[in-house]
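Small disclaimer: the values here were computed from a predicted structure and weren't measured.
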Amino acid sequence: MAGAEGSAGRQSELEPVVSLVDVLEEDEELENEACAVLGGSDSEKCSYSQGSVKRQALYACSTCTPEGEEPAGICLACSYECHGSHKLFELYTKRNFRCDCGNSKFKTLECKLLPDKAKVNSGNKYNDNFFGLYCICKRPYPDPEDEIPDEMIQCVVCEDWFHGRHLGAIPPESGDFQEMVCQACMKHCSFLWAYAAQLAVTKISTEDDGLVRNIDGIGDQEVIKPENGEHQDSTLKEDVPEQGKDDVQEVKAEQNSEPCASSSSESDLQTVFKNESLNAESKAGCKLQELKAKQFIKKDTATYWPLNWRSKLCTCQDCMKMYGDLDVLFLTDEYDTVLAYENKGKIAQATDRSDPLMETLSSMNRVQQVELICEYNDLKTELKDYLKRFADEGTVVKREDIQQFFEEFQSKKRRRVDGMQYYCS
């Protein structure tokens, strides 16, 4: 018997003890996370009427559009109203998406909130996430066959989710970086390597006395050397660039060999001079060109970026055109980030969230308000003193302990009420 008691005691020592405060804090954390993801989206109105929403919570319905069918995404409100009993994939948030609920991709279902919709939304982008598959391994999450604990990280460019172990570089601690760009997107947006050398959380390279060092020392890499003349050209202001002078001389030679009016020749020369001057000024103000003048390393890995790294990207005319050609103009939009969306949701929820105590007080007269406040203060004081005993003794508060407290508190309250004397004037 004693042995059994000793074994039970050892088992209780090994079991983690969870306090009431821990439970409340965990519940509050989960509530805040839900507010962050859902708070920026409307839970009652279909978002279709807003067009392509900059960022919103999205879902995919496996019941209506299973794998093998065309992919489709639905907004938060439609997930509640039109697909409440269906099997849904939570897609977290996506950018520039218009709700598909009830369009031609849903063969038999009509949207209950907004049935009048176009057959397709041509501006929407889809990937395997809409069928519940993620990462380069194309596996579901959570994956019942994957026994390796690993967090999923969303790429800020393609918005797919990846296992940390499949990104080619060990992710930093989650609090150390704000956004991630996956391997495929780093190849697509190769200009980011020049920024990564200076901004990435795990720096790709450093420059010291003209030497380039590979921080990780592993993986495929490519050393990018400064482009000849590019850095020097960027320092020119009013003088005609050397390359521009050569171009002018070439134009002169061509014009001398062709019969044309002198006024036309002068006009062409002025156009060449103006264009070259603009190019020189553009390069002079381009952050990317300055970074390219230094050596950096390209690797076959993902990159991790700190808070506000996007504000460091160059926004000159040439770079903005490049972003447009690569379809990544959103990188220059501070409101595109998931963090901005989450903050918007938290603010909205904080505004809408009401205090039950204040609502109750507002419905009472002055005497009732004073009585309620006194009762509340008594309850708070006695509960604090009661729980302090457990903390001082190092014992765990059990369910029956809380029940006992409220029974005793109610008993004291009845005695106080029974002992009151009433006077009539």
Side-chain angles (χ1 to χ4, degrees), residues 37 40-41 47-58 71 73 75 91-100 118 120-130 153-162 167 177-201 204 224 230 234 278-279 281-292 296 298 302-345:
V37 177
S41 299
S47 65
Y48 180 85
S49 59
Q50 301 176 40
S52 294
V53 180
K54 179 171 287 188
R55 184 169 293 282
Q56 64 175 318
L58 280 184
C75 68
L91 304 179
Y92 197 52
T93 70
K94 300 284 186 184
R95 69 167 62 88
N96 300 331
F97 199 93
R98 196 171 195 184
C99 180
D100 285 322
V120 293
N121 295 311
S122 58
N124 287 353
K125 293 183 178 180
Y126 307 90
N127 57 20
D128 289 327
N129 294 176
F130 289 81
I153 307 173
Q154 188 179 33
C155 173
V156 70
V157 178
C158 67
E159 297 192 300
D160 194 0
W161 290 82
F162 297 84
L167 288 169
F177 70 99
Q178 188 62 45
E179 294 183 313
M180 180 273 290
V181 180
C182 72
Q183 294 159 282
C185 290
M186 285 302 297
K187 289 181 180 179
H188 177 66
C189 304
S190 58
F191 71 91
L192 285 176
W193 286 109
Y195 289 100
Q198 307 296 324
L199 301 177
V201 173
I204 306 306
I224 307 300
E230 191 169 73
S234 66
L278 289 173
N279 289 338
E281 291 177 3
S282 177
K283 288 184 178 180
C286 181
K287 298 177 185 178
L288 180 58
Q289 295 300 334
E290 292 177 7
L291 293 175
K292 281 186 174 180
F296 57 91
K298 289 183 179 181
T303 51
Y304 306 91
W305 303 83
L307 182 68
N308 296 328
W309 70 276
R310 299 193 194 193
S311 64
K312 307 294 193 302
L313 297 178
C314 182
T315 55
C316 74
Q317 185 177 356
D318 290 342
C319 284
M320 292 299 287
K321 182 180 183 302
M322 175 185 66
Y323 303 149
D325 293 340
L326 294 172
D327 198 21
V328 292
L329 271 173
F330 54 80
L331 288 178
T332 62
D333 182 1
E334 60 179 318
Y335 296 106
D336 170 78
T337 64
V338 172
L339 179 62
Y341 170 85
E342 291 180 344
N343 288 337
K344 175 185 174 184

What distance do [X] atom [atom1] and [Y] atom [atom2] have between them, rounded to the nearest 0.5 Å?
X	Y	atom1	atom2	answer
His188	Gln183	NE2	CD	15.5 Å
Asn129	Asp160	CG	CG	4.5 Å
Cys316	Met322	SG	CE	8.0 Å
Leu91	Glu159	CG	CD	10.0 Å
Arg310	Glu179	CZ	CD	4.0 Å
Leu331	Trp309	CG	CH2	5.0 Å

Check: [Y] and [X] side chains under 4.5 Å, non-hydrogen atoms:
X	Y	result
Leu291	Phe191	no
Val201	Thr303	no
Leu313	Lys287	no
Leu167	Met180	yes
Phe177	Ile153	yes
Thr93	Leu58	no

[X]/[Y] aromatic ring centres below 6.0 Å:
X	Y	value
Tyr335	Tyr341	no
Tyr195	Trp305	no
Phe162	Tyr304	no

Using only atom types and a distance under 3.5 Å, with no angle test, would you say the side chain of [X] pairs donor to acceptor with the backbone of [Y]?
X	Y	value
Asn121	Cys99	yes
Tyr92	Trp161	no
Thr337	Ala340	yes
Arg98	Tyr48	yes

Partner of Asp333 under salt bridge (Lys or Arg N to Asp or Glu O under 4.0 Å), chosen from Lys54, Arg55, Arg95: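 Exactly one pass, corresponding to Lys54.
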
Please determine whether the number of non-hydrogen atoms from other residues, nucleotides or ligands lying under 6.0 Å from atom NZ of Lys187 exceeds 12.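 No.
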
Donor + acceptor pair across side chains of Asn124, Tyr126 (<3.5 Å):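 Yes - a donor-acceptor pair under 3.5 Å links their side chains.
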
Looking only at side chains, do Ser41 and Gln56 share a donor and an acceptor under 3.5 Å apart?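 No, no side-chain donor-acceptor pair sits under 3.5 Å.
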
Start with the C-alpha distance between Lys298 and Ser190, add both sets of side-chain angles, then the distance that settles side-chain contact (heavy atoms from CB on, under 4.5 Å), and finish with yes or no. CA-CA 8 Å; Lys298 289 183 179 181; Ser190 58; 3.7 Å; yes

Over all atoms of both residues, closest heavy-atom pair of [X] and [Y]:
X	Y	answer
Ala197	Phe296	CB-CB, 3.8 Å
Ala194	Leu288	CB-CD1, 4.0 Å
Asn127	Lys94	ND2-NZ, 3.8 Å

